[in-house]
Amino acid sequence: MERFNPGEMPTGLPLTPSDEAPASAGSPPQYLEGLNARQLEAVEALDGPVLVLAGAGTGKTKTLTTRIAHILCSARAWPSQILAVTFTNKAANEMRERVNQISTLQVDSLPWLGTFHSISAKILRRHAELAGRNQNFTILDTDDQVRLLKQLVKAEGIDEKRWPARQLAAVIDRWKNQCWLPSDVPAKASGAFDGKAVGLYRQYQERLETLNSVDFGDLILLVVELLRSNEELLADYQRRFRYILVDEYQDINTAQYLWLRLFAQGQSNICCVGDEDQSIYGWRGADVGNILGFEQSFPEARVVRLEQNYRSTSHILSAASALIGNNEGRLGKTLWTDVPGGEKVRLIGHWDGAAEARWISGEIEALAYGTGRRRKYELGDIAVLVRASFLMRELEDCFLSIGLPYRVIGGPRFYERKEIRDALAYFRLAVSGADDLAFTRIVNVPKRGVGEKALVSIHDCARNSGLTMFEAAKVLLRNNEFSGRTAIGLNKFVANVERWSAVLNSGEGDHVELAGRIIDEAGLVQMWMNTKTPEAEGRVENLKELVKSLEKFNNLQGFLEHVALVFENLEDSVGEKVSIMTLHAAKGLEFPVVFLPAWEEGVFPSKRSLDEMPLRGLEEERRLAYVGITRAMEICTVSCAATRMSYGGWSSQVPSRFIDELPNSETQTLSPPGLMGGFSQGEGRLGGHDISNASFSGHSTSNTYSAPGYRRMVQRSRELTAGSGRSIRQESIGAKTEFAGGDRVFHRKFGYGVVQNREGERLEIEFKCSGTKRIMSRFVTAADGTES
DNA sequence: CCAAGGCCGGTTTTT
DNA sequence: CCGGCCTTGG
């Protein structure tokens, strides 16, 4: 159907193309069936601002996509008149797919459905000259950003150690999230970097402009600036975007809010969907205040609450609701389900992280491979969600050792890997010799004798004569400025790049083949094959993968334009596997079975976020806990350990306050065989929960628990940790002895030893069996000399 | 110019 | 305990 062609619509078209309305009048359209009353309300409230507060598992995406379908099917707007914004490409793709599924009209494309960043890039490319760029500007990622800043910091003669470029990048990023250009940075905020940050920010922006580049923050910021200073343009976009939809509204930052508001001031048909209880990105600039203040920002806004949950059992829901009820800054929702019953949230304490991992692996095996009624789950139905990625290690170690197939979601991104970035830099330089950042990155990768000194002289030459670094290198070569090895290496490099770029410009030959040749001739493959580290093989594989992925594009340029913004992580979905990921990565997902380990003070809630902002930090951590629990459909297990190894040391852990906040009525406390929670919780309680009936699964995890030696160790540890308090609100009142050198001590894991040295709380102890370790004094007790 | 060893520091992560 | 980054010695 021609009318749904995504092509550009002329501006100033009739407001309502209703004369061409599809035959949708009469009985309610089929796509509205199956929506509940609230969802229907959210779909049909098309005029004016709408805030949809969509709790976890309440059909948020369904509502959003149906709303788009409804706008289209009722002929309120053309596809090109709908602005639909998400945060991730994944969400955008899913939405596009589901609109197509719902709509029988086969909308092949909604041109303005995408992430904040990709839509901004699209707008910016059209009007690049107004932002001091040309249409082919490149988008720098964090790595490029830091490299560039490092150069500037160095040039300013600032101590790089005291003010690392990373930190400066973070400051600038924060300012951009606030929508502040250098001139907008308020005096009271400009103290960073000894007050030099604003100046560096200004230089950085100038540098970006001359490089014809923007960073991620600029995409939003520059679009706002563009529209603010061009009334015509703004009016044009406001007329175009008749309906605006925003996903995950709780995660937007100030710049994104201003961005949205500019577009929305036209028609005000803006519909934002979000859940303030799932706002977990405050640390990177997201401001919950935006969703809390929606009704002030958009007066007359209609608020629709989606509270019927279709995901979790009632116990899981109630536990999550009770937990999040402890937060102050809420608009308030009460999730409910009409499906009764289900398993209570399971709580269990362990001796240490390894025991916790072992227990989880045993449970997973029972659920997936076990016999009897419990065997109703596939590995793919099960997820382990952790607060921070360092917690994955112990799990992985354990899963590996028992051969339990798992997959880690959200590791390092494909295009952030060194080998990929190097290859991309070669492509960039071949496409544009002016890409100085690419040049600096790879001129000596692999090593070809072009070191710091050579680079500086190339840089100076380029600066002094206004050349690109690539040109400058050629000039210096011609003038014989370099000695033997450097000259040979650089000459070959220059010749290679020129040859590739000639092939590229001739327009002949296959770009996939060229890419392969570049990687090969540059010596990247050779470089990695010569490396003997275990991951080298994988890197060569990744390079092959990169070349293969080029097949989906028409040319190198097109590929590079997309690579910064939309490069999917290739997920290995081969076979059934348990998923391990961070809580952040789990947002938006659901699993029948969820394990939530390491709920311990300091880990979760994380000490650092509490230190940074005690109140806001705690609330965000609590929302993270809420996100975790609400991922579970049927079985949710929260666990903690009494001891955890980190940074090579051991530390004694206290159960998270969030465990206390789960009501007794919705939880059951399990105990691992032969061990009462690892902690000695006074009268057998875990975070205030009675330890009631034993493990649900009936399978016995491991016999090691009942081995006599193990039992003795547990017994011993119980005595030693007795009185360590059942809640963090109660400080440890355990025997706090001051130790001195020469004292004989006992440690639960390492056994008997002698104190060598003391620095405050830190003891250096030489253990009889385990060598010398550094231990906090509270983890050891005085040994009475009765060791056997 | 570069490879090997010491030292410091170390959440969460998308675009 | 690990990895990144800087210093040192070839």
Exercise for review: Apply ring pair (Phe, Tyr, Trp, His ring centres under 6.0 Å) to A/Tyr204 and list each qualifying residue two or more places apart in sequence or on a separate chain.
Suggested key: none

Check your understanding: Over how many whole Å does the gap from A/Asp397 atom CG to C/dC1 atom C1' extend?
Key -> 12 Å

Practice item. For A/Thr138, enumerate each residue passing the side chain to side chain donor-acceptor pair (under 3.5 Å) test, keeping only those at least two apart in sequence or located in another chain. Key: A/Ser213

Practice item. Would you kindly give the CG-to-C1' distance between A/Asp173 and B/dT13, to the nearest whole Å? Key: 11 Å

Each nucleotide N or O in nucleotides 7-12 of chain B that has a protein N or O under 3.5 Å away: list the pair and distance.
{"unit_1": "B/dT12", "atom_1": "OP1", "unit_2": "A/Ser389", "atom_2": "N", "d": "3.0"}
{"unit_1": "B/dT12", "atom_1": "OP1", "unit_2": "A/Ser389", "atom_2": "OG", "d": "2.5"}
{"unit_1": "B/dT12", "atom_1": "O4'", "unit_2": "A/Arg387", "atom_2": "NH2", "d": "3.3"}
{"unit_1": "B/dT12", "atom_1": "O2", "unit_2": "A/Trp283", "atom_2": "NE1", "d": "3.3"}
{"unit_1": "B/dT12", "atom_1": "O2", "unit_2": "A/Arg387", "atom_2": "NH2", "d": "2.4"}

Exercise for review: Not counting sequence neighbours, list each pair that qualifies as a salt bridge (charged side-chain N to carboxylate O under 4.0 Å, His left out) and has a residue in residues 277-291 of chain A.
Suggested key: A/Asp277-A/Arg330, A/Asp277-A/Lys333

**Study point:** ring pair (Phe, Tyr, Trp, His ring centres under 6.0 Å) partners of A/Phe591, counting only residues at least two apart
**Key:** none

Exercise for review: Using a cut-off of strictly less than 4.0 Å between a heavy atom of the residue and any atom of DNA chain B, enumerate the qualifying residues of residues 135-150 of chain A by number.
Suggested key: A/Thr142

Practice item. Using the test side chain to side chain donor-acceptor pair (under 3.5 Å), find all partners of A/Gln278 that sit at least two apart in sequence or belong to another chain. Key: A/Asp275, A/Arg631

Practice item. Calculate the interatomic distance between A/Ile252 atom CD1 and B/dT15 atom P; express it in whole Å. Key: 17 Å

**Study point:** Which residues share a side chain to side chain donor-acceptor pair (under 3.5 Å) with A/Glu621, sequence neighbours left out
**Key:** A/Arg387, A/Ser609

Point to revise | Counterpart residues, ring pair (Phe, Tyr, Trp, His ring centres under 6.0 Å), relative to A/Phe263 (two or more places apart) | key: A/Phe241, A/Trp259

Practice item. Give a yes or no answer on whether the side chain of A/Asn444 reaches the backbone of A/Arg448 with a donor-acceptor pair at less than 3.5 Å. Key: yes

Exercise for review: To the nearest Å, give me how far apart CD1 (A/Ile409) and P (B/dT14) are.
Suggested key: 12 Å

Check your understanding: Is the gap between the ring centers of A/Phe87 and A/His117 under 6.0 Å?
Key -> no

Revision key, fill the gap. Contacts of A/Tyr249 meeting ring pair (Phe, Tyr, Trp, His ring centres under 6.0 Å) (sequence neighbours excluded), chain-then-number -> A/Phe294

**Study point:** All pairs passing salt bridge (charged side-chain N to carboxylate O under 4.0 Å, His left out) where residues 485-494 of chain A contributes a residue, at least two apart
**Key:** none

Review point. B/dT15 P sits how many Å from A/Leu124 CG, rounded?
Key: 18 Å

Check your understanding: Whole Å only: how far is the CG atom of A/Asn177 from the P atom of B/dT13?
Key -> 17 Å

Exercise for review: Would you mind building the protein contact string for nucleotides 1-6 of chain B? One character per nucleotide, 5' to 3', B for base within reach (heavy atoms under 4.0 Å), S for sugar-phosphate only, - for untouched.
Suggested key: SSS---

Review point. In whole angstrom, what separates A/Arg166's CZ from C/dC5's C1'?
Key: 12 Å

